[in-house]
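These notes concern the structure reproduced below.
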Number of protein chains: 2
Amino acid sequence: MTQNLTLESIGRLAGVSRSTVSRVINDQASVSPDVRDRVKEVIRLTGYAPNLAARSLVSGRTGVIGLVIPSRVHSLFEDPYFARLIQGISAASNPSGNTLSLFLFQNEEEESRLYPRVVTPGFLDGLVITATRMGDPLLARISNGEIPVVVVGRPDADGVSYVDVDNRGGAALAANHLCSLGYQRIGMIGAPTGTTAGADRLTGFVEGLAECDRVLQRNLREDGDFSESSGYEAMKKLIAREPDAVFVASDTMALGALRALKEQNIRVPEDIAIIGFDGLAPDRSSPILTTIRQPVMQTGSRAVELLNDLISGALAAPISEIMPVELVVGDTCGANLPEPRRKGSANEP
Amino acid sequence: MTQNLTLESIGRLAGVSRSTVSRVINDQASVSPDVRDRVKEVIRLTGYAPNLAARSLVSGRTGVIGLVIPSRVHSLFEDPYFARLIQGISAASNPSGNTLSLFLFQNEEEESRLYPRVVTPGFLDGLVITATRMGDPLLARISNGEIPVVVVGRPDADGVSYVDVDNRGGAALAANHLCSLGYQRIGMIGAPTGTTAGADRLTGFVEGLAECDRVLQRNLREDGDFSESSGYEAMKKLIAREPDAVFVASDTMALGALRALKEQNIRVPEDIAIIGFDGLAPDRSSPILTTIRQPVMQTGSRAVELLNDLISGALAAPISEIMPVELVVGDTCGANLPEPRRKGSANEP
DNA sequence: CTGAAAGCGCTAACAC
DNA sequence: GTGTTAGCGCTTTCAG
């Protein structure tokens, strides 16, 4: 079948030199229409495709961008967040002619062993790194610019380009929503504060409460690890402390929280209001979860776009961008209940 | 920093020729120990890494394997199944020195546009394709062996290598489990029969029921599309027809089914038994789901191993392998309830 | 055991 | 407009 096809052999078949074939392939101007057509026909007939290795050897570009998912978030990989993110990254890679390589490190050992390969110039054109953790050792090694990198999420290092979502603003939105509905004993199930997303959502929520002259009571906060079961466990602990509303820092954890409540026959939103974060579980809960939606796919796509700009030199690092979030009102906060929510009941010193 | 490092420059630094450096790098015997040490030291100091493009230009190998996820299953990408599969594939790729490229096609158009690139020799060493659908156009174009391919799942084409799980056997196990517990009105929420997995699970379940002299009543079967909400909807329809046990062909759909039941205050397993398939939601439901566990990660890893054998020529296509599944008894079938389940009640013409 | 030389398939000056 | 010619960095004979 298709084999041994080279510029040279195509040229021979079309009766031209290899340079001309190269010009046709790269859509360069200086080729007469008839020659161009003839060459294209031969290419079509033979099914010739240029050898990428040879091409990248001379051009210095590989056409490959890498997506690195560090080992510590590995266990979270099953959160639909990553599926969406990958979809967004893939969607933006294909049109730009890039191939996406996935680096899913199993553990620290593998990470440090394979890491050199990932940042070595000539292997990848650029890198997207998901960095949900603070003090990422990978980031430290990148700053000195071996290869263009864009981080998804806020890195806690300077000089690194990134795309983040407005975690603080979104969490504040959640706080305001709960306040405006009259809830009094407002709690939170947080994400790990060792991740910038977790830290930012906590900060934002506290700030949002402050805008309504409220504070987040110490005993009304539990943290999870982004998993469904951690949300379930956290909510079981909170129930005894009787919050009337809880902000859960991820939808997956919120599903766990709802499960815990249903198990105890606590009604949502009548007995307790729940608001999530992510916007990833639109129809997976009964009642439908009120949440803060972040544009996950777009975040991934935007990261690739910025990376392409970095690679082409159109932009110089570091650059950053914050994606907007929005409140999506569902049924778990009682916003749509006919009568206004409790206002000013529930007192506690 | 690190730049322009080539075999030549390393050789100069170490006072040897580029051939010798190449031999050291490729661990070839004929190099004297002292020279080898000297060269290695220079490599360490400079941080030199071979240019992969040049290497693959001469070797004909790229060290890259592709994972293709066709557009029709794209919407299902968020099922944790794919996350696990990717983990397995990635886990097996790294040690074998391969890089994993992900081809997540958004739609048919993109699929056929990018497809040539994917099967063109010289771009990828091999391909893993998830083929949950029948009549896959990609598979048709592959059979004539342009590039080594291993399919995950049973392809409905001949001559294609694949790794599948024992869907039929597993579904039969589920049927036997329900029969042995004495259930009478046994229903099923199936996966799309346009996927080989869906078809095989249906076949196996019917066969399993037959072993207990039962048939799957027409009106006790509804099909979903692997999504949580489709499981929810299917169960809502089934409820009125009063099955006392339901086999749900995927855990994700089973979670939806459980949600529908909880919403109607139907108790599991007291009022109805539920058994899933996949083993992906170990602690995500209350009560804990009884299910048929398939080794998803291992399936992915095995696919890569077979692919490597195909690439190296150690094995010749087509080859195939069926991974075993197992029954995991949870709390949704009442297997652990103190008293034996109802035996022989519920009559209907 | 080591070096010299050829060549993988392509792009990009540089001629004509 | 088109062909000729150098390499890109590497592996691999082939000499020595």
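First the proteins, then the strands, lettered A, B, ... as listed; each starts at 1.
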Check: Base, sugar-phosphate alone, or nothing: which one does B/Ser32 contact when heavy atoms must sit under 4.0 Å apart?
Finding: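 Since only primed, P, OP1 and OP2 atoms lie under 4.0 Å of B/Ser32, the category is sugar-phosphate.
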Next item on the list: For B/Val58, report the nucleic acid contact type (base, sugar-phosphate, nothing); a contact means any heavy atom under 4.0 Å.
Entry: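 Result for B/Val58 = base.
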[X] side chain to [Y] main-chain N or O, any donor-acceptor pair under 3.5 Å?
X: A/Ser90; Y: B/Leu104; answer: yes
X: B/Ser59; Y: B/Arg55; answer: yes
X: B/Asn107; Y: B/Glu109; answer: yes
X: A/Arg18; Y: A/Leu7; answer: no

Checklist line | Salt-bridge criterion met for B/Glu305 and B/Arg302 (N-O under 4.0 Å) | finding: yes
Check: Taking NZ, NE, NH1 and NH2 as the nitrogens, is one of them in A/Glu41 or A/Arg44 under 4.0 Å from a carboxylate oxygen of the other?
Finding: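 Salt bridge: yes.
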Given atom [atom1] of [X] and atom [atom2] of [N], what is their separation to the nearest angstrom?
X: A/Asn51; N: C/dG9; atom1: CG; atom2: C1'; value: 6 Å
X: B/Leu57; N: C/dA6; atom1: CG; atom2: P; value: 18 Å
X: B/Glu8; N: D/dG7; atom1: CD; atom2: P; value: 13 Å
X: A/Arg12; N: C/dG9; atom1: CZ; atom2: C1'; value: 13 Å
X: A/Gln28; N: C/dC10; atom1: CD; atom2: P; value: 14 Å
X: A/Arg61; N: C/dT11; atom1: CZ; atom2: P; value: 14 Å
X: B/Arg36; N: C/dT2; atom1: CZ; atom2: C1'; value: 13 Å
X: A/Arg55; N: D/dG9; atom1: CZ; atom2: C1'; value: 18 Å

Notebook entry, point to check: Which of these nucleotides, D/dT2, D/dC10, D/dT11, is closest to any side-chain atom of B/Asn26?
Noted result: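 So the side chain of B/Asn26 is nearest to D/dT11.
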Margin query: The side chain of B/Pro50 is closest to which nucleotide in this list: D/dC10, C/dC10, D/dT12?
Written below: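 Side chain of B/Pro50 sits closest to D/dC10.
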With heavy-atom distances below 4.5 Å as the criterion, would you say the side chains of [X] and [Y] are in contact?
X: A/Ile319; Y: A/Ser161; result: yes
X: B/Phe123; Y: B/Thr62; result: no
X: A/Tyr162; Y: A/Val149; result: no
X: B/Asp125; Y: B/Pro148; result: no

Next item on the list: Quantify the bending of the helix from C/dC1-D/dG16 to C/dC16-D/dG1 as the angle between its end axes, each fitted on five pairs, to 10°.
Entry: 40°
Item checked: Heavy-atom closest pair, residues A/Asp34 and A/Ser32 -> OD1-OG, 2.8 Å
Margin query: Please give me every residue in residues 13-22 of chain B whose heavy atoms get under 4.0 Å of an atom in DNA chain C, ordered by residue number.
Written below: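 Those residues are B/Val16, B/Ser17, B/Arg18, B/Ser19, B/Thr20.
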Note to self: Could you check whether A/Asn94 and B/Glu110, counting side-chain N and O atoms only, form a donor-acceptor pair closer than 3.5 Å?
What the structure shows: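 Distance-only check passes for B/Glu110 and A/Asn94.
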Any protein N or O atoms within reach of nucleotides 14-16 of chain C? Criterion: under 3.5 Å, listing atom names and distances.
none

